[in-house]
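Take a look at the structure below.
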Amino acid sequence: MSKDSVKLVANNKKAFHDYFIEEKYETGISLAGTEVKSIRMGHCSIKEAFVRIEKGEVFIYGMHVNPYEKGNIFNKDPLRPRKLLMHKKEINKLVGKIAEQGYTIVPLQVYFKGSLVKVEIALAKGKKLYDKRADIAKKDQRREAQRDFKIRNLG
C-alpha cells in the first residue's frame, strides 16, 4: 500500500444534509492500539459524533469504536472522548470562527492515509428547515433529469 493511499472507514452523510460545509480540515487522532485494530476492521461510527474545543485542544465526542474482540483487558471505552491532533494556528482559527454565531465543527469522515488514522472535520453552519427542503427538491430534479436522459438515450 502506498503512502498516500486512502481507505475510507466511516463517513457522516447526515452532516452534509444538516449543515453548510464551509472549510474542511484533516486531523490526526489519538487512539489506543486496540482501537486502531478495530478501526482497521471497519468497526467505527461517527453518525452521532461532534467536535468540541476545550483549553486549546480539539476533542471528538460520540465517535463509536467497537472494542477489538482479541483486545480483552486493553480495550478502552467505545464512546470515550478522543483527542484530535491539529496545529495550534488551525485551532486558534477555528476558535475565532466558532465565536461567530451559528458555526460548529462536525466530523465528516474517518479514513486511513497510509498507516495513519485521519479524521476529516469541517467548519459548518446549521441549515434551516427550508434550506433542507430546497436541497431535497434539487436532488429530486437532478434524479428526474437523469431518468429522462436515460430513457431518451435507450429509446
Side-chain angles (χ1 to χ4, degrees), residues 1-68 75-146:
M1 202 181 268
S2 68
K3 182 93 174 116
D4 42 73
S5 68
V6 173
K7 178 182 173 242
L8 186 67
V9 178
N11 65 351
N12 188 356
K13 291 179 185 162
K14 204 173 86 176
F16 292 97
H17 184 262
D18 292 342
Y19 300 98
F20 291 114
I21 306 300
E22 306 266 323
E23 296 175 43
K24 294 180 182 179
Y25 296 92
E26 181 180 82
T27 67
I29 184 168
S30 177
L31 295 169
T34 54
E35 289 176 321
V36 175
K37 289 177 181 179
S38 185
I39 289 174
R40 197 172 291 285
M41 294 172 72
H43 299 303
C44 174
S45 169
I46 55 171
K47 294 240 185 311
E48 304 297 319
F50 60 96
V51 178
R52 207 176 264 161
I53 299 175
E54 294 166 3
K55 299 182 188 127
E57 294 183 325
V58 186
F59 291 92
I60 185 166
Y61 292 87
M63 176 178 160
H64 190 279
V65 177
N66 283 1
Y68 183 57
N75 281 331
K76 301 275 192 257
D77 175 28
L79 285 171
R80 75 183 178 93
R82 294 170 179 87
K83 186 175 174 182
L84 295 179
L85 311 170
M86 293 179 79
H87 292 287
K88 194 58 103 191
K89 208 159 79 176
E90 287 179 317
I91 294 171
N92 291 338
K93 186 177 172 188
L94 282 174
V95 168
K97 284 285 195 175
I98 287 177
E100 289 179 40
Q101 195 61 33
Y103 278 106
T104 186
I105 307 173
V106 292
L108 297 179
Q109 57 187 8
V110 177
Y111 55 94
F112 277 96
K113 192 170 187 182
S115 63
L116 303 172
V117 179
K118 299 287 185 179
V119 178
E120 186 177 54
I121 61 172
L123 186 66
K125 199 170 195 139
K127 284 186 181 178
K128 303 282 186 267
L129 186 61
Y130 56 84
D131 292 327
K132 292 180 193 175
R133 286 189 187 133
D135 278 358
I136 292 169
K138 241 185 249 169
K139 207 179 282 179
D140 286 345
Q141 283 177 331
R142 201 175 302 123
R143 199 177 299 124
E144 199 66 38
Q146 283 181 333

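Because the structure is a prediction, the values reported are computed rather than measured.
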Which pair of non-hydrogen atoms, one from [X] and one from [Y], has the smallest distance, and what is that distance?
{"X": "V110", "Y": "I39", "answer": "CG1-CG2, 4.5 Å"}
{"X": "P107", "Y": "I60", "answer": "CB-CD1, 3.8 Å"}
{"X": "V117", "Y": "F112", "answer": "CG2-CE2, 3.4 Å"}
{"X": "V106", "Y": "A124", "answer": "CG2-CB, 3.9 Å"}

For the [atom1] atom of [X] and the [atom2] atom of [Y], what is their distance to the nearest 0.5 Å?
{"X": "Y19", "Y": "I105", "atom1": "OH", "atom2": "CD1", "answer": "11.5 Å"}
{"X": "I121", "Y": "L108", "atom1": "CD1", "atom2": "CG", "answer": "8.5 Å"}
{"X": "R52", "Y": "L84", "atom1": "CZ", "atom2": "CG", "answer": "13.0 Å"}
{"X": "F59", "Y": "K83", "atom1": "CZ", "atom2": "NZ", "answer": "6.0 Å"}
{"X": "K93", "Y": "H87", "atom1": "NZ", "atom2": "NE2", "answer": "13.0 Å"}
{"X": "E26", "Y": "K118", "atom1": "CD", "atom2": "NZ", "answer": "5.0 Å"}

Taking only residues two or more places apart in sequence or in another chain, which ones pass salt bridge (charged side-chain N to carboxylate O under 4.0 Å, His left out) with [X]?
{"X": "E48", "result": "none"}
{"X": "R142", "result": "none"}
{"X": "E22", "result": "none"}

Polar side-chain atom of T27 near backbone of M86 as donor-acceptor pair, under 3.5 Å: no

Heavy-atom side-chain contact between R143 and D140 under 4.5 Å: yes

